[in-house]
Trainee: 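Structure incoming, see below.
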Protein chains: 2
Amino acid sequence: MAVYTEVPDEELEAFLATYDIGTLMSYKGIAEGVENSNFMLHTDAGTYFLTLYEKRVAESELPFFLGLMNHLVDRGISCPTPIRNRKGEMLGRLAERPAAIVSFLEGISVRRPQPRHCVELGRALAQLHMAGADFKLARKNALNVDGWGPLFDSCRDGIDAYQPGLAQELDKELAVLTREWPRDLPHGVIHADLFPDNVFFIGDRLSGLIDFYFACNDAFAYDLAICLNAWCFEADGSFNITKARALLQAYTQVRPLEPAEIHALPLLARGSAMRFLLTRLYDLINHPPGAFVKPKDPKEYLTRLRFHRGVASPAGYGLDA
Amino acid sequence: MAVYTEVPDEELEAFLATYDIGTLMSYKGIAEGVENSNFMLHTDAGTYFLTLYEKRVAESELPFFLGLMNHLVDRGISCPTPIRNRKGEMLGRLAERPAAIVSFLEGISVRRPQPRHCVELGRALAQLHMAGADFKLARKNALNVDGWGPLFDSCRDGIDAYQPGLAQELDKELAVLTREWPRDLPHGVIHADLFPDNVFFIGDRLSGLIDFYFACNDAFAYDLAICLNAWCFEADGSFNITKARALLQAYTQVRPLEPAEIHALPLLARGSAMRFLLTRLYDLINHPPGAFVKPKDPKEYLTRLRFHRGVASPAGYGLDA
């Protein structure tokens, strides 16, 4: 749920006048995303999406995110296209915030993905990884294995208050992850947050990917592990191997996995579960009382972490290893 | 700021399947209105607006509101058109709430109306009053002069806590209003909440009226008095007689005011200021701490009430009486 910033009419008009996107017919604040303020614009030329970047997104990183979307669209990936203003810039300022207009992407995110959605996802993820190969900018993954330790340390007391004994369990887990984390897997630009919220479908067909504001350079297989966590568990916590197999097979048909990537999957899945468990714990512990955005429940990622710890080989994900 | 209800995909799909409005391409929760949950729908046939009625709107009154919009559209008023489902009904159920789909109305509400906007408003208001003449349903104005006393009594203590002495001032004012309120002015269906939020413009042209959920049967001139309050005061509290004259002249060019209506204007304006002052005081006093919707400031309506009390004749609004 978003729209944090009210934009004065005159400022919006002046901002839009710097673009060649027609006459504004209507605009609506959108209850979507929790990081930024989003508006849907109708002009006589079409539908656009306006984002005002609130403080959680660093302004210095916006050229990477917008440049990446632009790069991907040029290579045939369906994602929002940053619209350039009359000066040729993708980034402007509105209501004292960095602001960008992108093309509006039609589609609906599925709340309960089915195996057929995982097939579409796997294919799109592999295409994304290949399309990003020659993107010139780079961004370090601030939430990679090296970042989890400091994040954990910053809320260790809160974690033990949340669930006694959990800090000790995560401490051990972090030691394993840090020691065994593979550092030389094939890598490039990854989405790093490809949850069902960020994948649009029209009918059963994937219509596009959105929200590249966690994109960074990291191992491709780690992105796949994030999707295993985000798409292949049921509401009751059980792992749906049919969905996992659908996702992995579709991915490998576009970009075959190397043996080292396949071998690393269980550990990468543990790491990815740890990453979302830690940020959710952090958000819960640091959540201002009475704030409107309800923090996400960390528990489901603890369940997933424990599941992956018990996976003996990639066969546990339906892969023939 | 709205969107209170999350709608499960399957339920939305099933609901839309009862309509003949094409295939859903996308839907977005809209941060608009504080009473209901609103969604903007794109289908391959066009753009629509879906409203889920939350508890503040009585389900029994929805046929009046939807029927009125339908009636007005038939008579050439630009307002959202209720879309009938395949059974011919304008009202359905979704996510355990009454729900309706209306046509999407393009346009932008002006935050700081200018005299040219007041001209457009006056004309549209008069057209609305005339178009509603033969509407068959009726709805009592629950917030009319007879309702202010009970509303005041229900929060008298809170009002005195808010501003010592204010309850006494309002008590006297209510006595005057009740004694002198004109009961036999020309009447019919009025909008009763035609604030700038609820009037859309494209450029300088009025493109439509929205939010009929306070519409009721009452004196036409009272609707005009509501607009005088909502459109003709500056942010610093001063009354802009140029805007008032623009509004009233444009109105009378479409629907001439009777002498009794003109004569009653100062009292109607006092009453209308009282109505919004009381509901804002009520909302402020009964506002749950930490709730997301910030209550509106009652003070500006106290200033307006006092202004109108000092208006000696309709000439004070720029009318030649």
Side-chain angles (χ1 to χ4, degrees), chain A residues 1-13 16 22-33 37-44 46-47 49 80 103-114 117 196-197 200-205 207-208 210 235 288-294, chain B residues 1-13 16 22-33 37-44 46-47 49 80 103-114 117 196-197 200-205 207-208 210 235 288-294:
Chain A
M1 176 91 51
V3 187
Y4 292 99
T5 301
E6 291 256 345
V7 181
D9 297 346
E10 301 79 2
E11 286 189 40
L12 179 61
E13 274 174 38
L16 294 179
T23 301
L24 185 65
M25 306 286 282
S26 62
Y27 68 98
K28 304 287 175 196
I30 296 290
E32 189 164 282
S37 299
N38 293 309
F39 299 85
M40 194 165 164
L41 314 179
H42 277 184
T43 78
D44 55 7
T47 303
F49 204 81
S103 62
F104 180 78
L105 205 63
E106 298 287 355
I108 297 161
S109 50
V110 289
R111 303 269 160 89
R112 288 185 227 155
Q114 300 304 312
H117 299 117
D197 282 359
F200 285 172
F201 289 85
I202 296 177
D204 287 343
R205 189 179 56 79
S207 64
I210 64 162
F292 190 65
V293 176
K294 201 179 143 201
Chain B
M1 176 91 51
V3 187
Y4 292 100
T5 301
E6 291 256 344
V7 181
D9 297 346
E10 301 79 3
E11 287 189 40
L12 179 61
E13 275 174 38
L16 294 179
T23 301
L24 185 66
M25 307 286 281
S26 62
Y27 69 98
K28 304 287 175 195
I30 296 290
E32 189 164 281
S37 299
N38 293 309
F39 299 85
M40 194 165 165
L41 313 179
H42 277 185
T43 78
D44 55 6
T47 303
F49 204 81
S103 62
F104 180 79
L105 206 63
E106 298 287 355
I108 297 161
S109 51
V110 289
R111 304 268 160 90
R112 288 186 226 155
Q114 300 303 313
H117 299 117
D197 282 359
F200 286 171
F201 290 85
I202 296 177
D204 287 343
R205 190 179 56 79
S207 64
I210 63 161
F292 189 64
V293 176
K294 201 178 144 201

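Residue numbers start from 1 in every chain, and the chains themselves are labelled A, B, ... in the order their sequence lines are given, proteins ahead of strands.
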Trainee: Under 4.5 Å from any heavy atom of chain A, what part of B:Ser109 do you find: side chain, backbone, both or neither?
Mentor: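 Backbone of B:Ser109 only, per the 4.5 Å heavy-atom cut-off to chain A.
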Trainee: Considering only heavy atoms, which portion of A:Ile108 lies under 4.5 Å from any heavy atom of chain B: side chain, backbone, both, or neither?
Mentor: both
Trainee: Considering only heavy atoms, which portion of A:Glu13 lies under 4.5 Å from any heavy atom of chain B: side chain, backbone, both, or neither?
Mentor: neither
Trainee: Could you tell me which of A:Met40, A:Glu10, A:Arg111 has the largest number of non-hydrogen atom pairs under 4.5 Å with chain B?
Mentor: A:Arg111
Trainee: Of the backbone (N, CA, C, O) and the side chain (C-beta and beyond), which part of A:Met25 lies under 4.5 Å from a heavy atom of chain B, both, or neither?
Mentor: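 Both parts, heavy atoms under 4.5 Å.
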Trainee: Please check if any side-chain donor atom of A:Glu106 sits under 3.5 Å from a side-chain acceptor atom of B:Ser26, or the reverse.
Mentor: yes
Trainee: Rounded to the nearest 0.5 Å, what's the gap from CZ on B:Phe39 to CD1 on A:Ile30? Could you check?
Mentor: 11.0 Å
Trainee: For the CG atom of A:Leu16 and the CG atom of A:Leu41, what is their distance to the nearest 0.5 Å?
Mentor: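 That separation rounds to 6.0 Å.
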Trainee: Roughly how far, to the nearest 0.5 Å, is the CG atom of B:Leu105 from the CZ atom of B:Phe49?
Mentor: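 Between atom CZ of B:Phe49 and atom CG of B:Leu105 there are 10.0 Å.
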Trainee: Does the ring center of A:Tyr27 lie less than 6.0 Å from the ring center of A:His42?
Mentor: no
